[in-house]
Amino acid sequence: MLDRVVTQSGLLELIEELGHTHQLIGPVARPVPECDPPVRHFYQRVKHAGQLDLSFSYCTYSPKEFLFPPSETLFNFEKVDGRFTATPVLDEQRRALVGVHPCDVHAIELLDHVFAKDHADEHYAARRSHTFIIAIDCPTPCTSGVFCADMKTNTATQGYDVMLYPLATGDGANGNGQTRYGAVFGTEAGREWLYYNRRFTSPSAEDERSFKAYPQTKAAAFTRELNTTVDKLPALLDRSYDSLLWEATARRCYSCGSCNLVCPTCYCFDMHDHNELSETCGQRRREWDGCQLPEFAVVAGDHNFRPKAAQRLRHRTYRKAKWVKEQSGLAGCVGCARCDRACTAKISSVEVYNQLAEEA
Amino acid sequence: MKPKVAIFSLTSCEGCSLAILELEDRLLDILGAVEIVNFREGMTPRSWDIDLGFVDGAVSTPEDEKELLTIREHCKVLVAIGACACLGGINTLKNPQGKDSYAPYVYGDQAKWFPTTDAKPISAVVDVDYQLPGCPMVKEEFLRFVQCILAGRTFRLPETAVCVECKKNGNLCLYEKGVVCLGPITRAGCEAICPTYGSKCEACRGIVSEDALKAANINLQEQYDVSLEDVLADLRLFGAHQDTTLP
């Protein structure tokens with residue numbers, strides 16, 4: 001059931017107000033005349049809500065970097081009187097992440113799970129607890145090639161503070177022809193935002209009608225890309241360890257790690273100390289790492305237990321479609337197809353799944 | 001005692017030597033940690049007793065070769081800095097044209113007074129202990145190298161492709177714009193400076209691995225409508241690849 005509704009202009013005013021207390025981050029259109037369509041969207045920091053393009057198709061990168069940056073200082077260290085002292089660096093900037101699609105909501109849920117498990121990661125937790133997530137549902141696939149419906153991640157019922165549903169464009173009397181958004185809260189903070197702001201109003205009977213019809217219309221709009229089902233992937237992979245596909249596909253792989261780096265659910269990192277020339281002070285930093293990079297599995301003694309691209313491709317596929325799901329119950333791959341688009345060798349995850357299914 | 005450092009230049013623009021001077025706000029720290037005894041771009045030579053010697057430039061004349069042999073003899077550790085010293089650099093563009101063609105083209109009827117050879121990286125003449133590639137070399141990497149050496153830590157170049165840094169910078173991949181960029185086969189460490197500012201990568205830091213080059217050979221023929229000649233021409237610009245074929 002819908003909690004509240006708001007017009008597009010009302011929503012932008014509310015986001016603008018949110019900007020008084022939060023850093024605003026959301027989809028921004030960048031003109032790229034060489035591309036078709038000649039625009040690409042990126043999550044980036046904005047000063048004003050008006051800079052956001054809420055009707056964006058997809059963002060080239062996921063919003064992961066605002067919770068888990070490509071490079072961050074974990075602590076500063078300094079040698080004083082012969083002893084090293086470390087001062088942790090925690091980012092407690094309040095941020096509002098606007099326009100997060102369901103696939104990325106699922107991905108953030110996985111990050112939440114991973115960074116909270118065992119020894120909780122205080123650096124991730126500091127950012128996450130200061131981030132307000134305004135998700136926007138996708139009534140249609142954002143672009144061709146995505147397989148979120150197959151991965152059951154094209155809808156989300158939790159993992160956000162507020163979820164907005166773009167309802168059918170109203171007529172003149174109902175919002176002056178702009179998109180109306182139906183809103184549902186997912187957290188207490190989300191509930192407060194919806195109910196303490198007058199621009200959010202109670203849904204009309206017509207709003208409730210369009211929201212009731214919404215899931216069916218949406219389901220019809222998403223075509224299937226996967227020739228099997230997500231639930232069958234773990235068993236399928238069990239049988240595919242020795243498949244010839246890994247070698248045949250990986251001959252094209254550059255091992256550049258682009259698939260890892262654009263993936264919203266990849267969370268591997270490496271840590272390095274950055275000393276000053278004097279060696280008495282410096283920082284410990286962590287940076288994104290990726291299992292497709294040739295040196296990812298190098299251990300002490302210089303042994304690499306996954307020296308071949310085929311082994312690394314298999315490892316990544318198992319992570320995405322089997323192991324993460326089995327360990328956490330959450331989606332390891334959310335079907336956003338960013339990896340497929342980022343691969344200059346045109347290796348496609350969904351194609352790998354399909355070829356394995358065909359083989360079996 | 002502070003380690004004695006020298007910086008030499010062979011055939012090059014000496015931009016990599018200049019990059020050291022461009023470390024402006026770190027220069028005093030560096031001078032606090034080492035003693036510079038020989039630096040053509042910065043001072044009068046003081047000594048030939050050298051712990052750590054850096055060389056920028058390619059070997060492109062008989063004189064370069066002689067000088068380099070002397071340098072090697074006097075340096076405990078020898079480091080090639082920049083594309084010219086590491087790969088031969090843009091100097092190697094003359095090689096495929098043949099000496100009988102390029103010498104008269106450049107020096108006219110005075111060519112016999114200017115002995116010149118095919119350009120080559122310094123590792124073709126002497127043993128090299130470390131390489132800091134790039135056109136110019138990355139000055140932050142130079143600093144990291146000096147820190148590692150002073151602290152006795154292992155120094156390693158990144159074994160990843162430029163794509164890693166390009167993605168971390170949040171760039172739109174140039175392939176999406178229809179540009180064939182050499183990022184996927186080029187060694188990272190430059191912070192993907194060229195793609196970040198809109199130019200394709202031209203492999204000035206050299207090829208990251210033979211496997212990546214093999215993948216390029218397959219992909220550029222099978223997946224892209226790119227003539228191999230164009231790719232090889234790009235790869236030759238900084239001497240990253242001298243052969244006329246890809247693996």
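In what follows, chains carry the letters A, B, and so on, assigned in the order in which the sequence lines appear, proteins first and then strands, with residues in each chain numbered from 1.
- Contact residues of residues 180-191 of chain B toward chain A are B:Pro184, B:Ile185 (heavy-atom distance under 4.5 Å).
- The ring of B:Phe54 has its center closer than 6.0 angstrom to the ring center of B:Phe142.
- Both the backbone and the side chain of B:Ala212 come within less than 4.5 Å of a heavy atom of chain A.
- Counting heavy-atom pairs closer than 4.5 Å to chain A, the top residue among B:Lys214, B:Gln147, B:Glu176 is B:Gln147.
- Contact of B:Ile218 with chain A is made through the side chain alone, with heavy-atom distances under 4.5 Å.
- In this structure, chain A has no heavy atom under 4.5 Å from any part of B:Leu213.
- Chain B is approached within less than 4.5 Å, heavy atom to heavy atom, by A:Thr60, A:Tyr61, A:Pro70 from residues 60-82 of chain A, ordered by number.
- With salt bridges taken as basic N to acidic carboxylate O contacts below 4.0 Å, one links A:Asp104 and A:Arg338.
- Contact annotation for B:Arg153: only side-chain heavy atoms (C-beta onward) come within less than 4.5 Å of a heavy atom of chain A.
- If you check the side chains of B:Ser9 and B:Ser17, you find a donor sitting under 3.5 Å from an acceptor.
- In this structure the side chain of B:Ile50 never reaches within 4.5 angstrom of the side chain of B:Lys76, judged on heavy atoms.
- Taking non-hydrogen atoms and a 4.5 Å limit, the residue list of residues 250-266 of chain A in contact with chain B, ordered by number, reads A:Arg251, A:Arg252, A:Cys253, A:Tyr254, A:Cys256, A:Ser258, A:Leu261, A:Val262.
- For A:Asp53, there are no salt bridge (charged side-chain N to carboxylate O under 4.0 Å, His left out) partners two or more places apart in sequence or in a different chain.
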